[in-house]
Amino acid sequence: MLDKRFIRENPDAVRQAVRVKGLDLDVDELLRLDQEHRKLQFEVDQAQSRRRSFAKEFARADEERRAQLRAEHAEFDQRLKELREQLASTGERLTNLMLQTPMIPWDGAPVGPDESANVVIRSWGEPPTFDFTPLDHVDLAEKRGWAEFARARRVAGERAYVLCGEAVLLERALHSYALAVLGARGFQLMSVPALVKEAPLVGTGMLPKGRAEIYEIPADDAYLAGTAEVSLVGLHSGEILDAGRLPIRYAGISPCFRREIGSASRDVRGLLRVHQFEKVEQFVICAADQAESDRWHAELLGAAEEILQALGLAYQVVECATGDMGVGKYRMNDINTWFPSLGMYRETHSCSSLRDWQARRANVRYRDADGTIRFPFTLNNTAVATPRLLAALIENLQTADHRVRVPEVLRPYLGGRDLL
RNA sequence: GGAGGGCUCGCCUAGUGGCCGAUGGCGGCGGUCUUGAAAACCGCUAUGGGGGCAACCUCAUCGUGGGUUCGAAUCCCACGCCCUCCGCCA
């Protein structure tokens with residue numbers, strides 16, 4: 001969500017953002033509603049002011065005068081009621097449009113309609129070469145008894161999976177390692193709800209646009225969050241933080257649920273695109289300062305790269321195009337990790353800066369040293385998301401005899417074993 | 001699931017229909033005093049919207065949303081959350 005004043009003063013910048021992000025938002029209608037809303041607000045204010053003074057007069061009046069006042073104000077009350085209704089309905093329409101306002105993307109973002117316009121900005125590592133025919137993660141896992149797919153789908157339908165035995169330990173090792181890396185970098189470890197109310201989903205920007213992507217539990221007016229970010233933002237919703245508390249850095253771990261409606265029949269095999277997964281997410285709330293936010297963006301990207309490098313997985317860092325980055329993003333960098341079975345790099349991490357777009361929605365504020373109340377900037381990035389990263393790991397580190405080399409950093413979590 | 005109690009300005013608290021955007025204390029900030037500090041004393045100390053160049057004016061907000069009333073923190077209804085007890089349960 002953008003600042004209304006900013007929209008009034010820079011409508012062209014907003015129109016431009018709507019265009020390059022491929023959105024459907026009528027900025028002129030928004031401006032018109034904003035103006036109408038302000039006009040109605042003014043009228044309602046005046047009417048209520050009058051109502052208050054009338055009430056005071058009433059208190060002082062005698063019975064005869066009171067009867068007279070009641071009669072006089074019947075019509076006025078009706079008018080006030082109508083004004084209030086108009087204000088409410090205009091406000092509702094305005095809010096609907098405001099929730100669709102996009103963050104203005106940064107100058108460096110490639111302009112393009114979708115991920116095809118993304119640009120690789122750096123690479124690390126070389127895709128492994130095998131002197132045998134490598135298996136994909138599904139065949140490898142089944143051969144080793146590390147996963148069940150057919151049976152899992154009997155239980156939970158398409159895209160379901162079961163991890164078994166050592167795969168369970170390996171998955172947990174990835175998360176434990178990610179938490180250790182982030183803990184060492186000063187992040188507060190947080191295990192957060194995945195079952196959430198509507199408000200934090202709107203606050204993060206997952207709703208209203210992403211409704212089709214989110215599991216809904218109508219009986220309880222609840223939803224299953226697709227990322228820990230939802231809870232982490234929601235934790236501070238409505239608060240005015242002390243500037244001294246910033247930056248807030250969280251490493252949030254949670255199960256994540258996504259309906260994958262827009263990807264039906266894509267990646268249906270294996271562990272790449274599933275409805276339920278486990279993720280450690282990095283999340284930062286920092287002062288409303290672009291330079292500081294940029295530093296955190298680099299830091300979040302750096303933590304993810306540290307993890308991938310320690311795991312020995314080749315990856316590329318991608319500068320995401322305007323059409324790929326989503327409504328609220330200022331800047332987005334995906335990290336794509338090499339998957340031998342696909343012969344390509346696939347997204348395992350996504351690092352985003354949102355400036356104050358999310359804080360505004362979630363109503364998270366802070367008090368600056370000089371007492372000014374501001375909306376902070378928020379950023380987030382994946383640290384480890386499994387089983388997708390687990391699949392990358394076993395594919396890349398497999399051996400000819402269908403075993404998997406354990407990266408050194410994971411060995412402490414696997415009883416010191418260097419081979420599974 | 002059942003029964004009860006509660007939700008007021010950072011924290012605690014006063015307030016049962018108009019004098020209440022709201023009392024008092026604590027905390028915080030500024031000042032006086034002091035060599036310095038403490039104590040004491042004085043002052044300030046919510047957020048959002050609208051109007052105005054500005055000083056400032058105005059409206060809204062006492063968990064949320066409705067209702068009653070000329071007028072609601074206060075009365076009524078629904079919902080949310082917290083606490084206590086019983087039951088159930090990982």
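Here is how names work: the chains are called A, B, and so on, in the same order as the sequence lines, proteins then strands, and each is numbered from 1. All values derive from a computational prediction rather than experimental measurement.
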Using the C1' atom as the reference point in each nucleotide, state the distance between B/rG17 and B/rA72 in Å, no decimals.
6 Å
Separation between the P atoms of B/rG1 and B/rG51, rounded to whole Å
48 Å
Six-ring centre of A/Tyr330, A/Arg355 cation under 6.0 angstrom, axis tolerance 45°
yes
Kindly confirm or rule out a cation-pi arrangement of A/Arg360 over A/Trp357, judged by NZ or CZ under 6.0 Å from the six-membered ring centre and within 45° of its axis?
no
Using a 4.0 Å cut-off to any heavy atom of chain A, which nucleotides of RNA chain B are the first and last in contact, reading 5' to 3'?
B/rG18 to B/rG71
Going by heavy atoms closer than 4.0 Å, what residues in residues 26-46 of chain A are next to RNA chain B?
A/Arg38, A/Gln41, A/Phe42, A/Asp45
State whether a side-chain donor-acceptor pair under 3.5 Å links A/Thr386 with A/His175.
yes
Do A/Tyr315 and A/Glu305 pair up side chain to side chain, a donor and an acceptor below 3.5 Å, judged on atom types alone?
yes
Could you check whether A/Arg367 gets within reach of a base, just the sugar-phosphate, or nothing at all, counting any heavy atom under 4.0 Å?
sugar-phosphate
Could you label the plane-to-plane angle of the A/Tyr250 and A/Phe283 rings as parallel, tilted or perpendicular, counting under 30° as parallel and over 60° as perpendicular?
parallel
Nearest-nucleotide 5' precedence on RNA chain B, A/Arg51 against A/Gly371
A/Gly371
Would you say A/Asp356's side chain and A/Ala359's backbone share a donor-acceptor pair under 3.5 angstrom?
no
Determine yes or no for a side-chain-to-main-chain donor-acceptor pair under 3.5 angstrom, with A/Thr348 supplying the side chain and A/Leu389 the backbone.
no
Below 4.5 Å, heavy atoms only, C-beta onward: do A/Trp106 and A/Glu319 meet side chain to side chain?
yes
Is there a Watson-Crick or G-U wobble partner for B/rC75 with both distances under 3.5 Å, and if so, which one is it?
B/rG67
